[in-house]
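In what follows, a single structure is set out as structure tokens and then discussed.
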Amino acid sequence: MGYMGKILKVNLSDGTIKTEKIDMEIARKYLGGKGYAVRLLYDYLQRYKKEGIAPKDIDPFGEENVLIFATGPATGIVGFPESGRYHVMALRSPLTGSIASANSGGRGGPFLKFAGFDMIVIEGKSDEPVYLEVTDGCAEIKCAKDLWGKNVFDTERILKERVGRRCSVACIGPAGENLVYFANIMNDEHRAAGRTGVGAIMGSKKLKAIVVGGDERPQPAKPDEFDEVSKEAMNKIKTNPVTGEGLPKYGTAILVNIINNAGILPFKNWQTGVNPEADKISGETLAEKYLIKNKSCWGCAIGCGRVTAVKQGCFQILYSEGPEYESIWALGNSTGVIDLEAIIKANHLCDELGLDTISMGSTIACAMELVEKGYIPEELLEGVDLRFGNAAAMVEMIWRTAYKSGFGKYLALGSKRLAEMFGAPELSMSVKGLELPAYDPRGAKGIGLTYATANRGGCHVTGYTISPEILGLPEKIDPLTIEGKAQWVKTFQDFTCVVNSTVNCLFSTFALGAEDYAKLLSAVTGWDLSTEEVMKIGERIYNLERLIINEYGFDGKDDTLPKRLLHEPMPEGVAKGHVVELEKMKEEYYKLRGWVDGRPTPEKLKELDIP
């Protein structure tokens with residue numbers, strides 16, 4: 001019925017490993033993936049409180065922080081569209097202090113289920129470097145002293161040779177080992193569980209890698225019914241203009257020109273939303289000059305991944321993957337580096353060292369504005385000309401950040417702490433400490449409300465309202481108005497929780513809606529799920545996650561945006577003169593949510609059957 005039925009629990013402090021059964025009552029209410037992980041984290045918080053440990057006292061790098069790798073009922077099911085992903089969560093992020101949450105494609109999710117488990121829960125922390133090998137229903141903690149210090153690519157190569165069977169490796173690079181606050185967990189070399197610093201949490205536990213593989217296979221509860229609804233869903237994906245044409249042809253970087261033309265492509269640390277030279281770093285230019293071939297995640301019919309190369313010059317790299325749209329924007333447009341070869345090289349370094357490209361590029365851009373406005377003393381830069389448009393300086397600062405070398409030790413803290421440290425907190429373009437992605441909400445008001453109310457911090461994939469505001473899917477709405485945006489944001493956030501708990505690629509939602517997911521999940525699990533019930537599950541997950549961050553002290557005061565977006569009108573382009581009228585949208589949003597000052601009411605929790 002889509003589940004393997006087992007959770008692997010590993011305590012790195014005492015070396016114990018045990019297996020627990022999936023609680024099907026919890027699965028019915030939270031599905032799997034993000035949802036089930038959120039419920040487990042909530043239960044840990046309640047246990048800690050009984051033991052006298054207050055939520056606010058939980059150290060992101062301490063033994064109490066729990067790290068969860070979670071699949072969902074769709075993961076690894078042949079024929080379930082875009083089902084090759086897994087979700088990572090932890091109690092607290094070192095970057096934000098909020099809940100840690102990340103998602104990755106490749107093969108890691110399906111291979112975890114092939115190994116016989118739905119989830120891996122990591123407790124405690126090891127004194128010495130270790131890795132976890134999970135194959136064919138068995139798990140073992142092994143010494144990783146020889147791997148500590150190695151980059152992502154070398155670590156994966158060595159472990160695959162060591163294991164000697166078809167497997168997937170999720171690991172950290174030097175950035176995770178050195179506790180860079182926005183370090184990633186990388187799998188299958190170039191796929192990233194990025195955002196919120198989950199790689200640093202893994203590094204604090206001295207857990208270098210997790211290797212998964214096996215011969216078990218999840219099966220749908222109703223095979224005949226599943227075949228029928230699967231074919232219907234696949235046809236929608238193949239005939240959709242985004243999933244069937246745009247993404248396969250140009251990858252996510254097709255958005256560069258689209259978003260720039262809409263006047264919301266943040267340029268030079270969000271000083272404007274228009275770059276007249278954006279086409280030089282677009283998906284079309286990437287495909288024309290640097291693309292070798294497309295690459296798909298497991299079970300993917302879209303194939304948006306890019307295999308690329310820079311064949312000569314100072315940024316030469318003969319094989320790489322990406323960069324994606326967000327990486328091109330953060331490492332390029334946000335830093336003013338309009339050089340696709342430098343961006344490809346920088347993206348490759350982030351993958352090799354294990355860094356979140358959005359936070360890395362955004363933090364460099366913040367530093368560049370701090371430098372140009374005289375906040376950072378020149379002697380701290382050790383000869384690096386860290387100014388907008390300097391490609392060499394941008395690339396240089398990536399490895400310095402991973403190793404906390406020189407000025408890199410400041411960048412490793414993220415843009416919020418960096419800007420505060422040098423006296424200009426308003427120059428950090430972040431929410432709850434998480435750097436914002438590549439859409440300026442002054443010209444797309446709904447995504448501004450999404451950023452502000454996202455539980456993990458500044459996040460677009462919590463509720464991708466760019467789809468209706470800019471792309472016109474499932475319908476076109478006016479991006480410059482605030483009318484109706486609260487309802488759109490709530491709906492997208494709830495549905496996204498379903499997708500991340502199923503666990504599927506969010507790109508499937510360009511073509512598939514909640515009704516499609518209800519049919520697919522009903523056939524896979526054997527439950528009779530209505531569209532309304534599916535959306536209620538998503539709402540339950542979002543509210544429970546909000547309840548957790550409330551425990552850390554986050555509430556309505558933190559559901560806000562950088563001052564630049566609230567008070568500095570867009571200087572040019574389609575959105576010229578606009579700011580984000582956040583408070584009006586937020587008031588309506590809270591009413592729809594049943595929240596008071598960013599907190600779910602007891603009545604709402606009772607309605608959603610949240611303990």
Hey, can you tell me if F61 and Y181 have their rings parallel, tilted or perpendicular (30° and 60° cut-offs)?
perpendicular

Among K160, R107, E189, which one satisfies side chain to side chain contact (heavy atoms under 4.5 Å, CB included) with V169?
K160

Could you check whether any side-chain heavy atom of N103 comes within less than 4.5 Å of a side-chain heavy atom of K34, counting everything from C-beta outward?
no

Pairwise distance CZ(R400) to CZ(F407) - rounded to 0.5 angstrom:
10.5 Å

Give me the atom names and distance for the closest heavy-atom approach of I398 to L349.
CG2-CB, 3.9 Å

Pair E551-Y42, side-chain donor/acceptor within less than 3.5 Å:
no

Ignoring hydrogens and angles, tell me if any N or O in the side chain of E420 forms a donor-acceptor pair with the backbone of P425 under 3.5 Å.
no

For the student: nearest non-hydrogen atoms of L40 and M119, plus distance:
CD1-CE, 3.8 Å

Looking only at side-chain N and O atoms, does N187 offer a donor or acceptor that is under 3.5 Å from a partner on S104?
yes

Any side-chain heavy atom of L291 sitting closer than 4.5 Å to one from V307?
no

Would you say the side chain of T496 lies within less than 4.5 Å of the side chain of V461, judging by non-hydrogen atoms?
no

Can you tell me if E128 uses its side chain to pair, donor with acceptor, with the backbone of C143 under 3.5 Å?
no

Could you check whether F153 and H348 have their ring centres less than 6.0 Å apart?
yes

Find out whether L340 and K280 are in side-chain contact, i.e. whether some heavy atom of one side chain is under 4.5 Å from a heavy atom of the other.
no

Under a 3.5 Å distance rule, please check whether S362 uses its side chain to pair with a backbone N or O of I358 as donor and acceptor.
yes

Could you check whether any side-chain N or O of D559 sits under 3.5 Å from a backbone N or O of T453, counting only pairs where one atom can act as donor and the other as acceptor?
no

Are side-chain N/O atoms of S98 and R92 paired as donor and acceptor at under 3.5 Å?
no

Under 3.5 Å, is there a donor-acceptor pair linking the side chains of N275 and N260?
no

Can you see which heavy atom on E321 is nearest to which on N347, and at what distance?
O-ND2, 3.1 Å

Treating S204 as the side-chain partner and I201 as the backbone partner, does any N or O pair qualify as donor plus acceptor under 3.5 Å?
yes

Pair E177 + K206: basic N to acidic O under 4.0 Å
no

Got a donor-acceptor contact below 3.5 angstrom from the N390 side chain to the R387 backbone?
no

Check the angle between the aromatic planes of Y464 and Y439 and answer parallel, tilted or perpendicular using the 30° and 60° thresholds.
perpendicular

In terms of heavy-atom contacts, R564 and N269 come closest through NH1-O, 2.7 Å

Going by the rule side chain to side chain donor-acceptor pair (under 3.5 Å), which residues pair with T450 if we only count those two or more places apart in sequence or in a different chain?
none

Are D57 and Y48 linked by a side-chain donor-acceptor pair shorter than 3.5 Å?
no

Distance-only, no hydrogens or angles: does the D440 side chain make a donor-acceptor pair with backbone N or O of G273 under 3.5 Å?
no

Give a yes-or-no answer on whether the side chains of S168 and D188 include a donor-acceptor pair shorter than 3.5 Å.
yes

Judged by atom type as modelled, is there a donor-acceptor pair below 3.5 Å linking the side chain of T196 to the main-chain atoms of S101?
yes

Hydrogens and angles aside, do T285 and S282 bring a side-chain donor and acceptor to less than 3.5 Å of each other?
yes

Only counting residues at least two apart or in another chain, list the ones meeting side chain to side chain donor-acceptor pair (under 3.5 Å) with D351.
H190

When you check the side-chain N and O atoms of E435 and S430, is any donor under 3.5 Å from an acceptor?
no

Ignoring hydrogens and geometry, is there a side-chain-to-backbone donor-acceptor pair from T363 to S415 under 3.5 Å?
yes

Side chains of E341 and Y290 only: does a donor on one sit below 3.5 Å from an acceptor on the other?
yes

Is it the case that the side chains of T252 and E324 hold a donor-acceptor pair, with the cut-off being a distance below 3.5 Å and no angle test?
yes

Criterion salt bridge (charged side-chain N to carboxylate O under 4.0 Å, His left out) on E133 and K142, from CA distance to verdict
CA-CA 7 Å; E133 184 177 323; K142 296 187 175 183; 2.9 Å; yes

